[in-house]
Amino acid sequence: MNSGTTAPQAAWWQPLPNGQAACQLCPIECRLREGQVGPCATRANRAGVMEPLHYGRIVAAGVDPIEKKPLYHFYPGRSILSVAAPGCNLHCQFCQNWAISQSAEARTTAASPEDLVRLALAEKAAGIAFTYSEPLVWFEFVRDTARLARQEGLKNVLVTNGFLNPEPLAELLPWIDAANVDLKSMDPVFYRKVCKAQLPPVLAAIRQFHEAGVHLEVTNLVIPGHNDLDAQISELVDFVAGLSPAIPLHFSAYHPAWKMDAPATPRETLLRAHSLAAKKLQWVYLGNVAANVGRDTDCAQCGENLVQRPGNRGISHLDASGRCPACAAPSPFIFPK
Ligand code: SF4
């Protein structure tokens, strides 16, 4: 991955008087003076023109099991090329990927959309996942790569905080096949104080993904003392169930990182979250924890195991048409035709 590429002009901004530039990409809606870089570290005002800073720059790349995103109901058992640029428009004190999401200094390598598509095809990956940091503020590169990937028969996946304005998200969604959106809490104060963001745009984006027909899964990182009360978990479950009880919800264990030193999430907390959510949602999973519940997927009709997930890799037992091998009931998975 080293062919490099020339950055296009940024999308979703407007020039202002006195050389300022107004960014319209995310709800922060920065007005940047000449030379100023946005708090996301992904866009800068260069002589009155907004510039995407990391077009064609890759800070992390790997071929992962798709279950690691996590996506449990999309192409089970397949691998996916996973890539990231530095930067994020949230500044969560507990960020588990802070070394790349919160550092503009992280070392990058050059790669064009064509490079990534070639690599995904060579690796026989299901597609490309834009993940690890925040792909929505890598907007222009994600858009251009996803268009090309779609033309080549690859799938496009976003693993995202969902903090984008609805218009740019609508521009991107036709190229996106699946998304895992991080819903950190249902508490607006938590979003404001701990993440330096706002909750309502995230809820709106989750609705937008769902209504656009993108395969959607939701992840909640459970942090002791911050979002782990029964009432807090139930409110989040109610929101997801209100969209559809068939949306997979992942509860993930937090570990102390960056600016947060709350203790790691106990296994019992995740088991409690699972049992609360399973009353309203059909598919509830646990991540970053060793547990027998919330790991595999069994047939809702006959109980036969459909997908096992030892570690992070899925082992599919679906039949050739993606149905239950025992009773031939339709499975809940998006499955390659
Ligand atoms: S994408 Fe970055 S520059 Fe644009 S409004 Fe959001 S934080 Fe500001």
Side-chain angles (χ1 to χ4, degrees), residues 12 23-30 38-43 54 59-60 68-71 82-104 129-139 141-143 146 156-173 176 178-210 212 214 216-223 226-227 236 239-240 243 247 249-252 254 257-260 287-288:
W12 299 102
C23 183
Q24 299 161 326
L25 190 57
C26 94
I28 298 173
E29 306 213 327
C30 299
C40 56
T42 67
R43 299 160 88 74
H54 303 307
V59 72
K68 205 172 166 188
K69 300 304 93 197
L71 280 179
S82 302
V83 292
C88 184
N89 51 346
L90 266 60
H91 305 283
C92 307
Q93 293 170 10
F94 52 85
C95 182
Q96 308 280 291
N97 271 342
W98 63 273
I100 58 171
S101 74
Q102 304 297 326
S103 169
F130 303 94
T131 178
Y132 304 137
S133 54
E134 181 43 57
L136 292 179
V137 288
W138 199 21
F139 183 87
F141 188 74
V142 171
R143 176 199 61 198
N156 294 305
V157 165
L158 292 176
V159 182
T160 174
N161 62 32
F163 195 56
L164 203 74
N165 280 332
E167 298 83 4
L169 187 56
E171 183 188 333
L172 203 55
L173 285 184
I176 302 304
N180 189 306
V181 184
D182 209 1
L183 179 54
K184 297 162 195 294
S185 166
M186 290 297 285
D187 180 0
V189 178
F190 177 96
Y191 263 88
R192 209 168 53 242
K193 287 196 169 165
V194 181
C195 304
K196 306 283 179 273
Q198 303 139 33
L199 171 65
V202 177
L203 300 182
I206 291 174
R207 279 193 205 96
Q208 198 174 344
F209 275 105
H210 179 61
V214 172
L216 174 66
E217 305 193 17
V218 173
T219 294
N220 175 238
L221 187 76
V222 184
I223 308 172
H226 288 272
N227 61 3
L236 190 141
F239 171 76
V240 177
L243 294 178
I247 294 174
L249 175 61
H250 302 256
F251 291 110
S252 188
Y254 140 97
W258 202 35
K259 296 178 178 172
M260 186 164 282
N288 292 342

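All residue numbers refer to positions in the sequence shown, counting from 1. In what follows, every heavy atom counts, from backbone to side chain, and hydrogens, waters and symmetry copies are set aside.
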Exercise: identify the closest heavy-atom pair between [X] and [Y]:
| X | Y | result |
| --- | --- | --- |
| S82 | T131 | CB-CG2, 3.6 Å |
| R43 | C23 | NE-SG, 3.4 Å |
| F163 | P201 | CE1-CG, 3.8 Å |
| P86 | V59 | N-CG1, 3.6 Å |
| N288 | S252 | ND2-OG, 3.1 Å |
| Q96 | Y254 | NE2-CD1, 3.5 Å |

*Step-by-step side chain to side chain contact (heavy atoms under 4.5 Å, CB included) determination, C195 to F94*: CA-CA 9 Å; C195 304; F94 52 85; 4.1 Å; yes
*Let me see the working for Q24 and E167 under side chain to side chain contact (heavy atoms under 4.5 Å, CB included), right down to the final yes or no.*
CA-CA 9 Å; Q24 299 161 326; E167 298 83 4; over 6 Å; no
Under the 3.5 angstrom rule, does the side chain of [X] hit a backbone N or O of [Y] as a donor-acceptor pair?
| X | Y | value |
| --- | --- | --- |
| N180 | P70 | yes |
| T42 | V137 | yes |
| N227 | L221 | yes |
| Q208 | L169 | no |
| S133 | A85 | yes |
| H210 | V240 | no |

I want to check something: taking the side chain as every heavy atom from C-beta on, are [X] and [Y] in contact at a cut-off of under 4.5 Å?
| X | Y | answer |
| --- | --- | --- |
| L136 | F130 | no |
| S185 | L199 | no |
| R207 | F239 | yes |
| P27 | N165 | yes |
| H226 | M260 | yes |
| K184 | L90 | yes |
| F190 | I223 | yes |
| L183 | N220 | no |

Can you tell me how far the [atom1] atom of [X] sits from the [atom2] atom of [Y], to the nearest 0.5 Å?
| X | Y | atom1 | atom2 | result |
| --- | --- | --- | --- | --- |
| L164 | W12 | CG | CH2 | 9.5 Å |
| Q102 | C92 | CD | SG | 7.5 Å |
| T160 | I206 | OG1 | CD1 | 9.5 Å |
| K69 | Y132 | NZ | OH | 4.0 Å |
| L71 | L158 | CG | CG | 10.0 Å |
| W138 | C88 | CH2 | SG | 13.5 Å |

*Please check if atom NZ in K196 has more than 12 non-hydrogen atoms from other residues, nucleotides or ligands closer than 6.0 Å.*
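Result for NZ/K196: enclosed.
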*asked:* With a 6.0 Å cut-off (strictly less than), is the heavy-atom count around CH2 of W98, excluding the residue itself, greater than 12?
replied: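 Count not over threshold, so no.
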_Residue pair L173, F209: steps toward the side chain to side chain contact (heavy atoms under 4.5 Å, CB included) verdict_ = CA-CA 7 Å; L173 285 184; F209 275 105; 3.4 Å; yes
*Could you point out which residue of N89, N161, N97 forms a side-chain hydrogen bond (donor to acceptor under 3.5 Å, both in side chains) with E134?*
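Result: among N89, N161, N97, N161 is the only option passing the side-chain hydrogen bond (donor to acceptor under 3.5 Å, both in side chains) with E134.
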